[in-house]
There are 2 protein chains.
Amino acid sequence: MSPDQARRRPPTAQQFVLAELRRAITSGRLRPGAPIRQDALAEELQVSRVPLREALKMLQGEGLVAYEAHRGYFVETLSLDDLREVYRIRELLEEEAVRRAVARLTDADLDRLESAQEEVERAAAAGDVPAMAAANRLFHMTLFDRAGMPRLARLIRTLWDATDAYRSMYYGDPGNRERVVKEHRATLDALRRRSADEAVTTLDLHRAHAVADLAPLLDPAP
Amino acid sequence: MSPDQARRRPPTAQQFVLAELRRAITSGRLRPGAPIRQDALAEELQVSRVPLREALKMLQGEGLVAYEAHRGYFVETLSLDDLREVYRIRELLEEEAVRRAVARLTDADLDRLESAQEEVERAAAAGDVPAMAAANRLFHMTLFDRAGMPRLARLIRTLWDATDAYRSMYYGDPGNRERVVKEHRATLDALRRRSADEAVTTLDLHRAHAVADLAPLLDPAP
DNA sequence: ATTTTCAATATTGGATCCAAAATACGGAGG
DNA sequence: CCTCCGTATTTTGGATCCAATATTGAAAAT
């Protein structure tokens, strides 16, 4: 019997490019609305335009970049309405994910959530915004992955990433960081008690606060 | 003032390829699980592999094809669990879409739904499976588009298309076609009465029947 | 001053070519 | 007969080159 069934494949340039682009966009280094110049980016990443374009096509499908034929790719901009819509859809999907996850949560899962949360707290205290964003994402996705619905988890992940460029602004404020920490604690407590209802409620509040705080940062109708 | 604000752009090969590929997969001409040979397909479509690969990357994002590095693209296969998951997610999203749509439905919208339904009935009676699939899709999407949530509508559309290869089998049976027609009628009646609850219920039933009938056609755990 | 035209430039779209990896094949050995 | 191993072939991944389109800028006309 072969030692690893799913054989390790050599990394491809497009995977590297995809990861780099994602970081550049979600971190805000590429600003919303900015055109993406393929030649410049390709040179910066030391690859040709082919894998870059393939990565862009993926990001287009995920809604991170917009595409116009013969004009190229642009970092997607979200209107306030768009933001509200994304969060509303997440509300629908995450409720399902949380309910399923709670029914299957093991103590080991709770330990993983606890350590993710500790990392969130560490990053929040240190004011390390990128680390906080990463840890926060890990916390939520660890939970959602436990639902045993991979497509649902992937959809939530995609919606999550679609607002990452704005999330970074949100974490810039220490007060917001503190509140995120507190709300995670409330969710984690509910999960420990296996209370799906409470977990859903705390997460809904969590999201509502985020929308309320992000709203003023966005143009009313671009 | 210019006559058309959004200027018509020349069509790109990748758009053509994307549409062709979608048809080939959803119609079942490319069977689930089949490898997609880029050279052969490119030659058949009279384009180079570059636009083909970009189209494949989009379809990968939509879940119509699976990708393995250095092995290429394959038409996505759905297990029974996958199918159930897709339909469950649709249930969540479509409920929201229907409720919002009902609140905004105009008489003109109802007329459009009526004519879409008439086309479904014509195709069903004639046993024209592709026409029925197209008309059926139009009926549902016309409704969902009225929700005024473009991202939600796009998600539903994507989930819908992900099972199209199997839907064609389903429509092969005259009895199934008849039932679809009846269930659409029930939904349309509910919409005319502006009863969101009933519309949601009839659509839930509609979906449940489809899953029940498709289940035997799928491998239990591929 | 404003608008229009038209050439020059920049940028994207697509085709071809080469490199790298996986698969298929065939022979040697058990 | 089956397994293992090495080579040939096929297929994908990526780079480069050329064509098509959009953008920019300056000159000319109103």
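Below, read A as the first sequence line, B as the second, and so on, with proteins coming before strands; counting in each chain starts at 1. Quick caveat, the model's predicted, so the values are computed rather than measured.
- Under 4.0 angstrom from either OP1 or OP2 of dA15(D) there lies at least one side-chain N or O belonging to Ser48(A).
- Protein atom CG of Leu45(B) is 14 Å distant from nucleotide atom C1' of dG14(C), rounded to whole Å.
- For DNA chain D, none of the residues of residues 54-61 of chain A falls under the heavy-atom distance limit of 4.0 Å.
- Judged as a side-chain contact (heavy atoms from CB on, under 4.5 Å), and not counting sequence neighbours, the contacts of Glu121(B) are Gln117(B), Val181(B), Arg185(B).
- Scored by the side-chain contact (heavy atoms from CB on, under 4.5 Å) test, Ala210(A) finds Tyr87(A), Tyr170(A) as partners (sequence neighbours excluded).
- Evaluation of the salt bridge (Lys or Arg N to Asp or Glu O under 4.0 Å) rule for Arg154(B) yields no partner, not counting sequence neighbours.
- Side-chain N/O atoms of Gln60(A) and Lys57(B) include no donor and acceptor closer than 3.5 Å.
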Which atom pairs, one a donor and one an acceptor, fall under 3.5 Å between side chains of residues 33-44 of chain B and the rest of the protein, sequence neighbours left out?
residue  : atom : partner  : partner atom : Å
Gln38(B) : OE1  : Arg49(B) : NE           : 3.0
Gln38(B) : OE1  : Arg49(B) : NH2          : 3.1
Glu44(B) : OE2  : Arg29(B) : NH2          : 3.1

Give each protein N/O atom lying under 3.5 Å from an N/O atom of nucleotides 10-12 of chain D, with the pair distance.
residue : atom : partner  : partner atom : Å
dT12(D) : OP1  : Ile36(B) : O            : 3.1
dT12(D) : OP2  : Gln38(B) : N            : 3.4

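- Legend: residues meeting salt bridge (Lys or Arg N to Asp or Glu O under 4.0 Å) with Arg84(B), ordered by chain and number and at least two apart, are Asp81(B).
- One interatomic measurement links the two molecules: CG of Leu41(A) to C1' of dT12(C), which rounds to 14 Å at whole-angstrom precision.
- For Asp111(A), there are no side-chain contact (heavy atoms from CB on, under 4.5 Å) partners two or more places apart in sequence or in a different chain.
- Within residues 14-22 of chain A, the residues approached by DNA chain D to less than 4.0 Å at the level of any non-hydrogen atom are Gln14(A), in residue-number order.
- Residues passing the side-chain hydrogen bond (donor to acceptor under 3.5 Å, both in side chains) test with His206(B), sequence neighbours excluded: Glu183(B), His184(B).
- With sequence neighbours left out, the side-chain contact (heavy atoms from CB on, under 4.5 Å) criterion links Arg151(B) to Glu76(A), Leu78(A), Asp82(A), Glu85(A), Val86(A), Ile89(A).
- Residues meeting the side-chain hydrogen bond (donor to acceptor under 3.5 Å, both in side chains) test with Arg112(B), sequence neighbours left out: Asp109(B).
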